[in-house]
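See below for the structure under consideration.
Start at 1 and go down the list; that is how both ligands and their atoms are numbered. This structure is a prediction, so every number in the text was calculated from the model and none was measured.
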Amino acid sequence: MEILTALITGTSSGIGLAISKKLLGLGYKVYGISRNYSNDLKLEKNYIHIEKDLSDLKKIKELKSLSKEIESLDLLILNAGIGLIGFHEELDEEKMISMLNTNFTSAILLTKYFLKKIKENKGKIIFISSSTASKASPLASAYSATKAGISHFADSLFEEVRKFDVKIFTIEADIVNTNFYNDTRISVYPNSDSYTEASELSEVVEFFLNQKKSVIKKISIEPQKKRVEKKTRIQNDFI
Ligand SMILES: NC(=O)c1ccc[n+]([C@@H]2O[C@H](COP(=O)([O-])OP(=O)(O)OC[C@H]3O[C@@H](n4cnc5c(N)ncnc54)[C@H](OP(=O)(O)O)[C@@H]3O)[C@@H](O)[C@H]2O)c1
């Protein structure tokens, strides 16, 4: 049987790790990009790790050559991302540029580098976006802009490539229990009804992959209860 091949960014933890495990379970050969190499993937014979810092534009551009090394590609998942939360004027400029490159530029450029291969296989592209893509997100204006950009890019790209039988999907998630909040001033509320598990997003990916005819392009997934814990409180706190 032909082995399908996937390339996914941000495989060292959280959503990307959960999706990688799901794809390996489904029999995919998985190329994963992140700075760290998860121990959970080190023994997987069908997992190939590519160590790369996607916050650095020069490093992102180095991945152009990978599109020649990977012979065939059926699935591309743009997942790597970080969140900067705080008053916009107080955010660290270099961290902000890193976030823009990781969340947005890397996804746009990797899509450009691999689209030809995806078209050749009538493949699929999945973007991991956020509920912040479509709502005002005080204290996360720049982060939400990266996600709004990604969701819009996905919608537009689908119009461009649908005639080639390429499917483009977006997951807009909210409060997933991952390392995402480690360096922010909020954390997930500890009750299980107040966060989504990364494995639930991997189920959404499997649902996308099983679509045969019409395309359910976007899924928004949220925990039942909307609450987070604040590690620190700041003046004029909105979230
Ligand atoms: N958690 C949530 O509530 C939530 C909600 C909506 C959307 N999302 C989105 O989901 C995606 C995955 O986040 P997560 O929740 O799974 O958080 P996570 O556990 O912190 O995972 C983030 C992943 O992105 C990778 N990454 C971060 N910076 C990178 C860089 N400079 N170069 C290469 N890879 C980098 C990390 O790998 P390394 O650190 O090893 O490089 C890691 O594998 C993000 O795009 C995030 O915006 C998350």
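Note: Tyr143 and Phe180 meet the aromatic proximity criterion, with ring centroids under 6.0 Å apart. Aromatic rings from Phe127 and Phe169 are positioned such that their centres are separated by 6.0 Å or more.
Ligand 1 is surrounded by Gly10, Thr11, Ser12, Ser13, Gly14, Ile15, Ser34, Arg35, Asn36, Lys52, Asp53, Leu54, Ser55, Asn79, Ala80, Gly81, Ile82, Thr102, Ile128, Ser129, Ser130, Tyr143, Lys147, Ala173, Ile175, Val176, Thr178, Asn179, Phe180, Tyr181, each with at least one heavy atom closer than 4.0 Å.
Nearest heavy-atom pair across Ile126 and Leu75 is CD1-CD1, 4.0 Å.
Among the candidates Lys122, Lys213, Lys212, Lys124, the single residue satisfying the salt bridge (charged side-chain N to carboxylate O under 4.0 Å, His left out) test with Asp165 is Lys122.
Side-chain heavy atoms closer than 4.5 Å link hydrophobic residues (I, L, V, M, F, W, Y) into clusters, and following such links, even through other members, never connects Leu63 to Leu100. Linking ILVMFWY side-chain heavy atoms closer than 4.5 Å, directly or via other members, places Val30 and Val204 in a single hydrophobic cluster.
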